[in-house]
Amino acid sequence: MLPDYKQREVTAKDSLDVYIEHRLLMEQRLHQPGEQRDPRNKYPPELMRRFEIYFKDLSLNKPIPVRDVKAEHIGKLVTVRGIVTRCTEVKPMMVVATYTCDQCGAETYQPVNSLTFMPLAMCPSEDCRVNKAGGRLYLQTRGSKFIKFQELRIQEHSDAVPVGNIPRSLTVLCRGETTRQALPGDHVSVSGIFLPLLRTGFRQIAQGLLSETFMDAHRVVHLNKTEVDEAPAADLTPEEVQQLTHEDFYGLLASSLAPEIYGHEDVKKALLLLLVGGVDRRPQGMKIRGNINICLMGDPGVAKSQLLSYIDRLAARSQYTTGRGSSGVGLTAAVMKDPLTGEMMLEGGALVLADQGICCIDEFDKMADSDRTAIHEVMEQQTISIAKAGIMTSLNARVSILAAANPAFGRYNPRRTVEQNIQLPAALLSRFDLLWLIQDRPDRDNDLRLAQHITYVHQHCKQPPATVQALDMRVMRRYIALCKKQEPVIPEELTDYIVDSYVEMRKEARNGKDMTFTSARNLLAILRLSTALARLRLSEQVEKEDVKEAIRLTEMSKDSLNHAEDRHGRAQNVMDRIYSVIRELAGESKTVKMADVLERCASKGYTPDQVEECLEEYEELNVWLINQARTKITFV
Amino acid sequence: MIPSLNSVALHDVVDQQLVRFTGMIQDMQNPEMYLEQYEVQDSITKQTTVKMGKYRDIPACGPDEVFIDDSRSNVHRERQVLCCISIPALNPWVKQLLATGTDRHTEVKPLQHENKRAYSDESASSNKALSSSISPPGTSVKRVCCDKKHVPRNVRCDTELHLPLPESQAKTCLVKVYDSDPALALNDMIEVVGFLSVDPRLCLISEEMEDEGAQFHNLPGSLVPRLHAVSVRKLKHNNPLLELNFCSSADEVLGLARLVRQDLHLVLSQVLLGDHLAANYFICHLISSVFQRSELLALGQLSLNISNVVCGHGYTEKLYTVLRQLVTKSHYQPLTIENLNKCTFTPKKDYDANRLVSGILQLSTQTHLVLDETCLEPGQLDSNGVHNVAALGTLISQQKVDYDFQFYKLEFKADVPVLVLSEGKSLLPNDVAVPLEPDSKCLETWNEIFEAVNHYLQEPVLQRLRKYLTAVRLLEYCLPQDLEQVIQDDFVRLRRETDTKTSASDLHLLLVLSRLVSLSQGEGTLSRESWDLACSMEKQRKQRINGRVHQP
């Protein structure tokens, strides 16, 4: 029994290896070749095996929905995707039971193929049989072979469930190395053989016609979120591609966003670009975000919230919160104490959870100021830095923010500035690439078209055919996923054009009666929008048309704010605006220093002459008094 | 006539008998793999026979026959398993009518009893055969489970988890559907005719399954009978006074529509304390149903909020008792802080037991839900309460309920008209809010009014009203081309007049309202009068609301 002298170190072995070696030696020594032996005393191959064989599905084979795994798949290798709802502990399962006889000492082996087995009791060896010794068998745990075993239950994804049906599930039995691959809540892709579960003994008879089924796992792959999201992108059917190669597919896609909300084409286009997103840039370690942030403002009842909830449902990853219901910590991240271990741990908030997705924040204006500042960092740097309770870290929050806000005084007051209308600080507002004001104004043509649209819906129980057939949400989702893979670049020759148009915009903003800000951030916004447009065309290069459209959208969004005043009452002239600047500067106090006024007005782009003029005009009106030295303004 | 499981006790029917069941699909289980065709071998003659396995749970083996497990002629097929419960929130008068309806057919019974004798003999003998053929451990198992059958562990409350509303007489039933029809959806009302399977041997299997997941699946047949469906049909309505597709009686009912509407208006305006406008809206609310929906919009519903319900204690309950006599399905839910915090409103999947635990909002179409906010008192809502209020909100505004599948939520469509009774403005959204303007005379005598109304609502009147409400709701409706222009012009004018206070949703509401107004008069097409009536109703209502804002 002693092993041969070895020249080199024996590789580390467990008891099973030792057993295997000994068994092989035994076989060589005790038995002559060609001797007839009881098959039950022969070593079953399972016992000697130290490897496992698994099959991988052909990579051409697409995963099939859990719902479509039917009787015809019995005995076949199939791949399904799903979410793990239950998993048992990993337990040892007996593959070969080894017994020793208490009389003759012979070893007997019993391979186990099903979930249950009937232990052997009597020794079947030659000795015992001939001598009628009636040796009893005892199970040897160390000599038996066990394998890891785990039962999973997977359930189909929510988007695979037909309307009005309960999600279906499937039992998966994992053995050996396929165990411990997933936890409840994980998205997995499982390849395995679909089999009926064999019951033994009485149960089998009683069960008779019914058979439970399971999947014998051969490959369990834990999918991460992005894989799950991107999975359906590849398979756009030819008909869907046909639908998408529409002449005006940009308009088609935009109008397919919330088709029940009539009109607002430009807002929808902007939202479409938000879904697609621009391209991230990292020149020399600096990070320029590609995500587009949009803020929708508007009177109550103009379907802002509906647009938000539609986007929330369309986007592959999104979080929906309302400003009133979320605190800064709830949006960013909280440090929690684990009740069991007492350790500190981080719990991601809405913005962290929406990483690489969209965070919709309704009633943005109703948020507390301190909570709102938590968003500043996210909107530009796309990270969340945390330094509390001994945890210093920075979390990724590459989100696009879609906010909806109501005007501060119920309705939008065109005489006030944007900041005053929705009481948000300029620092935050400038971080939005586009600010839309959705206003509700009576307009005969528009109203008539709206009325026609609605009556048609009621009359024919469907959307009017005149407007292009809206795309299905699933098609949209897949197309957007496809767009996101593109990384378009801005070609050299367009730089001049972009620079020129930006300079033009700045000039206009200075001269015109602009209520919004035009800053370098606007330039970035245009770049983001134009890359998003190029992505939408599945193109690798931004073209002049894209830039034009991006500028048009920016202009339209500014227009929606500036336009508001044209309609109502007289336009605010420069004097009024300088007055309001001074008024704001004064705040509660009655006096303002002249130097401050001049400085503030200069920063707002008014010339000292204009300020002077304004001061005189209002002094005449007895609104304020200016002291002799012209250093102080006192309000009357 | 086939006996109905809804009214017949289980001990009056036998295994393998053809029975009927009317119910709502509450849960759908995983499909079952069964042998459509199987082979048995006679252990004496060694002869094999091929048998069909459809409509059975257990192979039909003769005393000497042995089931061949791995025969080549075995064919695997699938059948869908639906968990059905008797329709929730059914009103007493419907139950009563259904019960008396089945009594008529009881004369067939004696014959069945003879059958039963024969059957039970047979099953007893096959039982014996079974027990003789099985190994000793098997018999011990059998004894154990027979004992357990008398003491079902928590089984009673297990079945109750399937009911949205606690009901003593509710029945649960597993329906196995062959050649599954994909059109069957959750919460559909269905009528099933099929073979009953209450074989006690099924219970044996359940005992052997240690897996808790399979527990409900295999509850003893005495509690949850199984039904192998031969035919399944969806029900559009469940009014026992009308046939399923009431072509013959429809004209008769609709001809009287105007008269019946007057009766109904009289009754409702009385119980609404002399408020005629509110009564008009109430009628429209009663016959509203969703006729079209898109992603965010459900057209056709008219959820009503009657506010300013100030008169004394017990008024809302009395109002509900009148409503209960008119419609087939309704549920009264007092919204108290305790109710909101404790009750489960949305159904939730229980993965341990592998079943959908029902909630109050799992209702079949056209179940009138009455929410009484007058009993709401200041207090603290916990997270469950907030969640419940949000669920009610989405139900009312979008006619959808998000069922909780823990890993994700799945939305299910609903068509539940919701009536909210409140003192002030309701905390829930609504399509139409009508502040009640009670007649001062009626306010003093409301107790007497209810007595009078209940006296007036006698059988013939009630029958007419009930038929009317169901028939009118299912009427086909169309909007004629020539009115389109009128509607569009009116809308443009309204918008100009009201200075943008009229929005797109107002037009939706007007169109729905005019639809309901013309349906309530038994007309399938919109007429100019109905449109004008709808407009004037809205105008009056708006004036009333504005008036109330300015008064205090």
Side-chain angles (χ1 to χ4, degrees), chain A residues 70-71 74 83 85-86 153 155 157-158 161-170 184-185 196 198-199 201-213 258-262 299 301-303 306 309-310 313 440-442 444 447-448 450-452 454-459 461-463 473, chain B residues 27-28 30-35 38 53 56-59 67 69 76-78 130 133-135 137-138 141 182 185-187 201 204-205 208 291-292 294-297 299 351 356 405-410 412-413 478-479 484 487-488 491-492 495-496 499-500 503-505 507-508 511-512 515:
Chain A
K70 292 215 166 104
I74 284 181
I83 186 166
T85 56
R86 263 155 72 85
R153 237 181 134 69
Q155 180 174 287
H157 287 306
S158 55
V161 186
V163 174
N165 274 270
I166 297 280
R168 291 207 179 148
S169 53
L170 194 68
L198 289 179
R199 296 280 189 197
F202 172 69
R203 205 186 297 180
Q204 180 200 349
I205 303 165
Q207 196 181 11
L209 295 177
L210 283 184
S211 53
E212 280 179 76
T213 50
E260 15 335 76
I261 298 166
Y262 181 76
D299 303 335
V302 288
Q306 272 168 300
S309 67
Y310 187 90
R313 281 174 24 164
D440 191 21
R441 293 193 216 95
R444 208 190 127 67
D447 292 352
L448 195 62
L450 177 63
Q452 275 164 359
I454 293 173
T455 33
Y456 189 92
V457 172
H458 280 258
Q459 199 169 9
C461 294
K462 57 174 191 269
Q463 297 292 324
M473 244 190 183
Chain B
D27 193 2
M28 292 167 165
N30 271 342
E32 231 172 34
M33 209 69 80
Y34 73 103
L35 286 170
Y38 62 96
R56 353 175 124 254
D57 280 316
I58 289 174
F67 177 70
D69 190 43
H76 280 283
R77 276 290 145 80
E78 279 187 327
L130 252 173
S133 70
I134 48 175
S135 46
V141 167
L186 203 71
N187 302 347
R201 280 176 290 171
L204 302 186
I205 311 171
E208 286 243 317
F291 67 92
Q292 197 221 343
S294 44
E295 295 291 344
L296 295 169
L297 209 64
L299 289 181
Y351 284 105
L356 190 69
F405 282 88
Q406 289 186 35
F407 300 98
Y408 48 75
K409 289 192 169 167
L410 217 56
F412 284 87
K413 291 169 185 170
C478 81
L479 208 160
E484 235 175 294
I487 292 167
Q488 286 160 15
F491 176 66
V492 173
R495 253 179 91 81
R496 234 191 358 255
D499 186 31
T500 76
S503 66
S505 52
L507 182 57
H508 277 299
L511 283 165
V512 169
R515 173 180 189 263

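Order of the sequence lines sets the chain letters (A, B, ...), proteins ahead of strands, with each chain counted from 1.
- Taking all atoms of both residues into account, the shortest heavy-atom contact from Met28(B) to Asn165(A) is SD-OD1, 3.3 Å.
- Pairing each heavy atom of Asn30(B) with each of Leu170(A), the nearest pair is ND2-N, 4.4 Å.
- Remark: Phe405(B) engages no residue in a ring-ring contact (aromatic ring centres under 6.0 Å, His included) (not counting sequence neighbours).
- For chain A, the nearby parts of Leu511(B) are the backbone and the side chain; heavy atoms of each come within less than 4.5 Å.
- The two residues Pro167(A) and Tyr408(B) come nearest to each other via the heavy atoms CB-OH, 3.6 Å.
- Ranking Leu479(B), Leu410(B), Asn187(B) against chain A, the residue ahead of the rest is Leu479(B), based on heavy-atom pairs under 4.5 Å.
- Partners of Thr213(A) under the side chain to side chain contact (heavy atoms under 4.5 Å, CB included) rule, at least two apart in sequence or in another chain, are Phe194(A), Met33(B).
- Annotation: side chain of Tyr351(B) is not in contact with side chain of Ser169(A) (no heavy-atom distance under 4.5 Å).
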